[in-house]
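What follows is a single structure, written as C-alpha cells, with notes after it.
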Amino acid sequence: MENGAAKPVIVAIDGPSGTGKSSTSRAVAAQLGLSYLDTGAQYRAITWWMVTNGIDIEDPSAIAAVAGKPEIVSGTDPSGPTITVDGVDVAAPIRTQEVTSQVSAVSAVPEVRARITELQRSIATSAEHGIVVEGRDIGTTVLPDADLKIFLTASPEARAARRSGELKGADVHSTREALLKRDAADSSRKTSPLAKADDAVEVDTTELTLQQVIECVVTLVEEKRAAQ
Ligand SMILES: Nc1ncnc2c1ncn2[C@@H]1O[C@H](COP(=O)(O)OP(=O)(O)O)[C@@H](O)[C@H]1O
Ligand SMILES: Nc1ccn([C@H]2C[C@H](O)[C@@H](COP(=O)(O)OP(=O)(O)O)O2)c(=O)n1
C-alpha cells in the first residue's frame, strides 16, 4: 500500500500439539505489532466450563444444549494473552490434565465449533493491525482467506520431549501416547478436523530451534506484506 498504515494482515498457524504454534505465534505477533489469538485456549475454556458445571462429556447432545451459555473473552495482546469465562480468569485451570484429557471430545461437538468459530472470526476481523491466529482448523475453516497459512509439524518424539519438559519432567512415553491419542481424535472428527490447508506452507520444526521457526514465519509474513 502506498502512504498510510499497512493493511491488516491475517496469519493462520495450524498443527498438532507441541509443534510450537503458541510460542511461535506469540513471538511473531509481538515482533510485528499484531494481535494474537490462541484458539486452543478457547476450546479448553468451554471444556473447563462443561466440567465445572457437571455436564456429561460423554453425551454430545448434553454439550450441544448448553454450548451457547458460557461467555468466553480472549485478550489478544501477545505480551500477555488472557482468557476469561463469565468473568473468571481461567488461564491456569484450562491447562490441567482433567481439561486436556476431555477437550477433544468437547471440541468435536458441531454446536461448540459453530459458537467458537463465530467468536474467532469476529476477533480476527476487528484486529486493527492484523492478527496471528493459531489452532487446528484456522486455515481450512475459520479464516480460509487468511493472507498467510502455516502448518507446523514435528516428530512425535520431539513434541513429547517438548511437552514433558514443560510438565516438569512428566514421563516422555506417556506424554507421547497422550499426544498421539489427542491428534487422532482431533484429525478424525467430522466437523473441521485438524488438517493442513492446500495453500498452507508446511514447516517441519523437528530439527529447528524456536528462534529459527520464528524467523522463518516473520520472513514469510514480510514477503506477503511486500507483495500486497
Ligand atoms: N522448535 C522448537 N524447538 C524446541 N522447543 C520448542 C520449539 N518450538 C516450541 N518449543 C517448546 O515446546 C513447547 C511446546 O510449544 P508450544 O508453542 O506450546 O506448542 P503448541 O502450541 O503447538 O502445542 C514449549 O515449551 C516451547 O517452548
Ligand atoms: N482451532 C482449534 C484449536 C484447538 N482445538 C482443540 C483440539 C485440541 O486438542 C484442543 C487443545 O488445543 P491446544 O492448542 O491448547 O493444545 P496444545 O496446547 O497444543 O496441546 O483444542 C480445536 O479443535 N480447534
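Since we're looking at a predicted model, the values are computed, not measured. In what follows, every heavy atom counts, from backbone to side chain, and hydrogens, waters and symmetry copies are set aside. For ligands, and for the atoms within them, numbers begin at 1 and follow the listed sequence.
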Just heavy atoms, cut-off under 4.0 Å: does Ala154 contact ligand 1 by side chain, backbone, both, or neither?
neither
Answer yes or no: does an N/O atom from Gly20 fall short of 3.5 Å to an N/O atom of ligand 1?
yes
Compute whether any side-chain donor of one residue and acceptor of the other, for Arg162 and Thr205, lie under 3.5 angstrom apart.
yes
Note: heavy atom closest to atom 23 (O) of ligand 2, options Glu134, Arg113, Arg136, belongs to Arg113
Measure the distances from the heavy atoms of Ser17 to every atom of ligand 1 and state whether one is below 4.0 angstrom.
yes
Can we say Asp137 and Arg189 salt-bridge, meaning some charged N sits less than 4.0 Å from an Asp/Glu carboxylate O?
no
Please check if any side-chain donor atom of Ser192 sits under 3.5 Å from a side-chain acceptor atom of Arg113, or the reverse.
yes
Closest to atom 6 (C) of ligand 2 among protein heavy atoms sits Ser107 OG, 3.6 Å
The residue among Ile55, Val103, Thr52 that forms side chain to side chain contact (heavy atoms under 4.5 Å, CB included) with Thr47 is Val103
In ligand 1, which numbered atoms sit nearer than 4.0 Å to a non-hydrogen atom of Pro16?
22 (O)
Tell me: protein heavy atom nearest atom 3 (C) of ligand 2, and distance?
Thr39 OG1, 3.3 Å
Beyond-backbone contact of Ile123 with Ser74, side-chain heavy atoms, under 4.5 angstrom
yes
Where do Pro70 and Val85 come nearest, in terms of heavy atoms and distance?
CB-CG1, 3.9 Å
When you measure from the side chain of Ser155 to the backbone N and O of Thr206, does any donor-acceptor pair fall under 3.5 Å?
no
Once rounded to the nearest 0.5 Å, what's the spacing between atom CD1 of Ile94 and atom CD1 of Ile46?
12.5 Å
Are any of the N/O atoms on Asp137, whether in the backbone or the side chain, positioned under 3.5 angstrom from an N/O atom of ligand 2?
yes
Can you confirm, on distance only, whether ligand 2 has an N/O atom lying under 3.5 Å from any N/O atom belonging to Asp186?
yes
Using a 4.0 Å heavy-atom cut-off, say whether Leu210 meets ligand 1 through its side chain, its backbone, both or neither.
both
Starting from atom 15 (O) of ligand 2, what is the nearest protein heavy atom, named by residue and atom, and what distance separates them?
Arg44 NE, 2.7 Å
Do Val201 and Leu208 belong together in a cluster built from hydrophobic side chains that touch within less than 4.5 Å?
yes
Partner of Met50 under side chain to side chain contact (heavy atoms under 4.5 Å, CB included), picked from Val99, Val66, Val109, is Val66
Looking only at protein heavy atoms, what sits closest to atom 4 (C) of ligand 2 is Gly40 CA, 3.5 Å
Give the residue, atom name and distance (to 0.1 Å) of the protein heavy atom nearest atom 10 (N) of ligand 1.
Arg162 CD, 3.8 Å
Identify, for atom 16 (P) of ligand 1, the protein heavy atom at the shortest distance, and state residue, atom and that distance.
Ser23 OG, 3.4 Å
Ligand 2 versus Arg189, non-hydrogen atoms closer than 4.0 Å: side chain, backbone, both, neither?
side chain
Any donor-acceptor N or O pair under 3.5 Å, side chains Ser107, Arg44
no
With a cutoff of 4.0 Å, is Lys21 in contact with ligand 2, counting heavy atoms of the residue only?
yes
Quick one: does ligand 1 sit under 4.0 Å from the side chain of Thr24, the backbone, both or neither, non-hydrogen atoms only?
neither
Please could you name the atoms of ligand 2 that Ser17 approaches to less than 4.0 Å, counting only its heavy atoms?
17 (P), 19 (O), 20 (O)
Is there a path of hydrophobic side-chain contacts, each under 4.5 Å between heavy atoms, that joins Trp49 and Val73?
no
Has Lys21 got a side-chain atom pairing as donor or acceptor with Gly15's backbone, closer than 3.5 angstrom?
yes
Check: Arg182 N/O within less than 3.5 Å of ligand 2 N/O
yes
Tell me the protein heavy atom at minimum distance from atom 5 (N) of ligand 2, and give that distance in Å.
Tyr43 CD1, 3.6 Å
Between Val221 and Ile10, is there a shared hydrophobic cluster once you connect ILVMFWY residues whose side-chain heavy atoms come closer than 4.5 Å?
no
What part of Arg163, side chain from CB on, backbone N/CA/C/O, both or neither, has a heavy atom under 4.0 Å from ligand 1?
side chain
Report the residue from Leu119, Ile138, Val132, Ile131 that forms a side chain to side chain contact (heavy atoms under 4.5 Å, CB included) with Leu37.
Ile131
Just to confirm my output: which protein heavy-atom neighbour is closest to atom 13 (C) of ligand 1, and how far is it?
Glu166 OE2, 3.5 Å
Quick one: which ligand 2 atoms are inside 4.0 Å of a heavy atom on Ser104?
9 (O)
Mark up the atoms of ligand 1 that fall under 4.0 Å of a heavy atom belonging to Lys21, in ascending order.
17 (O), 19 (O), 20 (P), 21 (O), 22 (O), 23 (O)
Atom 3 (N) of ligand 1: closest protein heavy atom, distance to 0.1 Å, is Leu208 O, 3.4 Å
Could you find the nearest protein heavy atom to atom 17 (P) of ligand 2 and give me its residue, atom name and distance?
Arg163 NH2, 3.3 Å
With heavy atoms of Gly135 as the reference, note each atom of ligand 2 found under 4.0 Å away.
1 (N), 3 (C)
Backbone of Ala154 reached by a side-chain donor or acceptor of Arg159 within 3.5 Å
yes
